[in-house]
Amino acid sequence: MTSRYNPLEIESKWQARWEAEQPYKAIEEPGKPKMFLAEMFPYPSGAGLHVGHVRNFTIVDVLTRFYRQQGLNVLRPFGYDTFGLPAENYAIKTGTAPQDITKDNIANFRKQAKRLGYAIDWSREINTSDPEYYKWTQWCFLQLYKKGLAYQKESYQWWCPEDQTVLANEQVENGKCWRCGHEVEKKKMKQWFFKITEYADELLDDIDALDWPDKIKTMQKNWIGRSVGAEIDFKVSGRKITVFTTRPDTIMGATFLVVAPEYPDLGFLVTDDTRDAVNKYKQDALKKSEIERQENKEKTGIFTGSYAINPATKEKIPIYVADYVLAGYGTGAIMAVPAYDDRDREFAEKFDLPIVEAELIDRDLYGTPKVTYRMRDWLISRQRYWGCPIPIAYDKEGNPHPIPEDQLPVVLPEIKDYKPDSSGRSALAKAKDWLKVKIPVKDEKTGKTHMEEMTRETDTLDGYACSSWYLWRYASPHDKDHAWDPEAIQYWEPLDYYCGGDHAVAHLLYVRFWCKFFADLDYLPFREPIKHLLYNGYINAPDGKKMSKSKGNVIDPLDVINDGYGADTLRTYELFIGPYNLDAAWDPRSVGGVYRFLNRCFNLMDKVSEVDNTIIRHKTIKKVTTDIHKYQFNTAVAALMEYVNELYKQGATEDDLIILAKLLKPFAPHLASEMLERLGANDEWPTWDDKYLASDTVTVVVQVNGKLRAILNVDAADLDDEQKIIDLALTDKKIQKYTAEGIKKTIFIKKAKLLNLVV
RNA sequence: GGCCGAGUGGCGGAAUUGGUAUACGCGUUCGACUUAAAAUCGAAUGGGGAAACCCGUACGGGUUCAAGUCCCGUCUCGGCUACCA
């Protein structure tokens, strides 16, 4: 031979072959063990792939190829999460249709992903903004609607009176709209919700059994936040206020009540003297932004003018309104026990209210047991254009009607102006023709059905709804009759490995919620959608900071490839960079180190000789295999480097090279494929035999008082003879020196091949 | 404030889960090859010391024959969360 290692040449050769032969197409084979893996599908931004995507996708790819090489039937699809604000903002700015932007971005992402050599089944691509896909998102919505789990509710939202639009919490800065600077207020609005709280208990109870990182499991538990307590009624001149408390046993110390500013019965509590002041306090509180609440935790509040009777002490206690009580949690009213609660004490001190160190009583005396959750129902309405239309229409009275399933999809109409207008509805409200729809209505009296003209819902769905079921769509991505094909689901699902570095709570909780819901409807034969979750860390810039365009410290993975390193180096480097679940900083010089390693692999092809490397070969097979099982990709690569270093010293046989290429393939598939082809070998994953790993002689560490003093080479068989080891150790001059005063105790650990002499 | 991570050479990181601390890579130094450089190949590389040795896993204690690993306390950094009664 020889040609130099030219990654770009090798990679384009193999990518062309994989494109033509589609070797990674997955086909159900009942009876054959399957493995289904996926990354959290990307939002295809205009910027293309970044190094974080590469880390994420490569982890999935290593596992994909590893299990393929082990003979499993592997499914590894790919998709795009395309609805969302960036494309809409870009559309508003440029007048380009989000549909077109998305198409271009997907094409770019696909092209770039192919340059990384991923073992993807490209026939299963999905795209959430494709009507073929979101038809079924709408179908899912209708199933939830039918069961009463998709519902409308009046609730307080941040509202900008200038822009006439709802704002997310993060879009409110110091009580002002982030766009126009106008003061925002909380406005009661009718919005769509999914009733995730219906599954709160199951979502919480099933967490422990998941093979997910503890970090994520804890975050989900905290998010759901189950509190076991009681509801207690306090009489207020003929009416009552119900409070929620986790400490009903402290009721003897309850010296006042506090209700939230949004408390519905507030009007009843005020008197002629207090009405104006309370109203003003309420208005101010509703104007306060979340950020202000965070920054200023100084207690504020005002006396309503009413008193309640503490059912335990029979005493008359004042009722306050204060914004440290949240309307959305419990009943929106609390009994304040300043002796036992820090917040209540702070409030009591400020307003000069009595603090009573009362005795604790039986928890069940005055309340009824009640469980409350911190998690709220999932607000899914968005007044945005670029999202999945909610399949609902309203009759003349404003009552909602589901769009019949045979009318799906409700196609998002193409419009010219995406900007929200003063109507406070999404830009869809301007699609006049689209708004009108005829819905069959059954007449109660005659039993006959007639078509009635109605007006479509103009809100679109939160993007998280689109990603709540895509893992099941992967099983039958082109199914025209179902959201997912039951037989394909039966074979492939649930997902074996899911890998990502984001969405610890939201997405990963919503998928679990939908899974349980559709399992209850018998659409899914399992109640947890994801068996193993790998949560990868971020890759930061060389300076350790987050990569960002404005800081100019972004590493473009395509540049790394095109600079001549190639995709194999990039992939291998991103796994070698450190433990997959920790953040890591990009180091351009270490990239070179990995490139040198792949070079050494390639050049080893010229160094074939006749030697026996059985032991190191089997050791390496074992190390790489077990490391991949433990997701220790960095040490798996290190083991391959050690192996190659050893082969450089000892010389390598063809067998050694074949094993190297097989083990290398998950990391550097192009180079490994090239090597295997030249060696005339297949890529079947090798196995090791422990008998080769036990060598005849072993090294025994000899310590004196726990400090290393000598190393002995002894026959492996002698490990069973403790006295012989001790005698041997005592022939060592150094050991003799340290043990001259006599030995008090000897500890021999066979497993560790260690002898400790205590003097 | 609460919860969860992390702290090991000049740097990224290893360490069979309590048993030879610093694997592998980067960087540095030296050598080989070369007219030369690059590339490549080989060797050395925690600190102190002439050596024997001593000191070393953020800091202070403890348990143990033995601690990077376990326990108690402290500090620093990162993430999530934020008055949830």
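Chain letters run A, B, ... following the sequence lines, proteins first and then strands; every chain starts at 1. Any value given below was found using the heavy atoms of this structure, including those in side chains, with hydrogens, waters and symmetry copies removed.
Under the Watson-Crick or G-U wobble criterion, with both distances below 3.5 Å, B:rG7 is paired with B:rC75. Using N1 to N3 plus N6-O4 or O6-N4 for Watson-Crick, or N1-O2 and O6-N3 for G-U wobble, each under 3.5 Å, B:rA52 pairs with nothing. Pairing for B:rG1 goes to B:rU81, judged as Watson-Crick or G-U wobble with the two contacts each under 3.5 Å. Pairing for B:rG19 goes to B:rC65, judged as Watson-Crick or G-U wobble with the two contacts each under 3.5 Å. Nucleotide B:rC41: paired with B:rG31 (Watson-Crick or G-U wobble, both distances less than 3.5 Å).
Each of B:rU40, B:rA14, B:rA85 was ranked by its minimum atom distance to the side chain of A:T635; first place goes to B:rA14. Closest to the A:V701 side chain, of the nucleotides B:rA23, B:rU20, B:rG42, is B:rU20. Considering only the side chain of A:I711, B:rU20 comes nearest among B:rC3, B:rU20, B:rC24. Across B:rC83, B:rA14, B:rC24, the shortest atom-to-atom separation from the side chain of A:M641 is found for B:rC24.
When heavy atoms are screened at a 4.0 angstrom cut-off, A:K707 is found touching the sugar-phosphate backbone but no base atom. Across all strands, A:Q703 comes closer than 4.0 Å to base atoms (heavy-atom distances). Backbone-only engagement by A:Y648 is indicated by non-hydrogen atom pairs under 4.0 Å involving sugar-phosphate atoms exclusively.
Here, B:rU34 and B:rG25 have their P atoms 27 Å apart, quoted to the whole Å. Remark: the separation of the C1' atoms in B:rU76 and B:rA67 is 22 Å, to the nearest Å. Spacing of P atoms, B:rG12 relative to B:rG78, comes out at 16 Å, to the nearest Å. Between B:rA14 and B:rU57, the two C1' atoms lie 12 Å apart (nearest whole Å). When the C1' atom is compared between B:rG10 and B:rG79, the two are found 28 Å apart, to the nearest whole Å. B:rA58 and B:rU69 are spaced 8 Å apart, taking the P atom of each and rounding to whole Å.
Between the CD1 atom of A:I749 and the P atom of B:rG19 there is a distance of 10 Å, given to the nearest Å. Atom CD1 of A:I555 and atom P of B:rG12 are 17 Å apart (whole Å). Rounded to a whole Å, the OH atom of A:Y324 is 13 Å from the P atom of B:rA85. Rounded to whole Å, atom C1' of B:rU16 lies 7 Å from atom NZ of A:K630. Computed from coordinates, the A:R709 CZ to B:rC65 C1' distance equals 14 Å when rounded to whole Å. Look at CG on A:N222: it is 14 Å from C1' on B:rG1, rounded to the nearest Å. Protein atom CG of A:N756 is 15 Å distant from nucleotide atom P of B:rU64, rounded to whole Å. With rounding to whole Å, A:K217 atom NZ is found 21 Å from B:rC80 atom P.
A sub-4.0 Å separation between OP1 or OP2 of B:rA82 and a side-chain N or O of A:R374 is absent. Close to B:rA85, at under 4.0 Å from its OP1 or OP2, lies no side-chain N or O of A:T372. Contact annotation: A:K215 does not reach the phosphate of B:rG5 (side-chain N/O to OP1 or OP2, under 4.0 Å). Within the structure, a side-chain polar atom (N or O) of A:R600 is placed less than 4.0 Å from OP1 or OP2 of B:rG42. Phosphate contact (OP1/OP2 of B:rA39, side-chain N/O of A:N603, threshold under 4.0 Å): absent.
In this entry the base of B:rG56 is anti relative to its sugar, with a glycosidic angle more than 90° from 0. Regarding the sugar-base torsion, B:rU74 falls in the anti class, its angle being beyond 90° of 0.
Checking each of A:W223, A:Y199, A:W378 against A:Y510 for a ring-ring contact (aromatic ring centres under 6.0 Å, His included) leaves exactly one that passes, namely A:W378.
The main-chain N or O of A:N540 is never found under 3.5 Å from a side-chain atom of A:D583 such that the two would form a donor-acceptor pair.
With hydrogens and angles ignored, no donor-acceptor pair closer than 3.5 Å exists between the side chain of A:K744 and the base of B:rC65.
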When you look at A:R226 and A:D201, which way does the salt bridge (Lys or Arg N to Asp or Glu O under 4.0 Å) test go after all the steps? CA-CA 8 Å; A:R226 178 160 61 194; A:D201 278 319; 2.3 Å; yes
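For A:I615, the CD1 atom is loosely surrounded, since the number of other residues' heavy atoms within 6.0 Å does not exceed 12.
A side-chain donor from one of A:T242 and A:D233 sits under 3.5 Å from a side-chain acceptor of the other. Looking at A:Y263 and A:T304, their side chains never bring a donor and an acceptor atom within 3.5 Å of each other.
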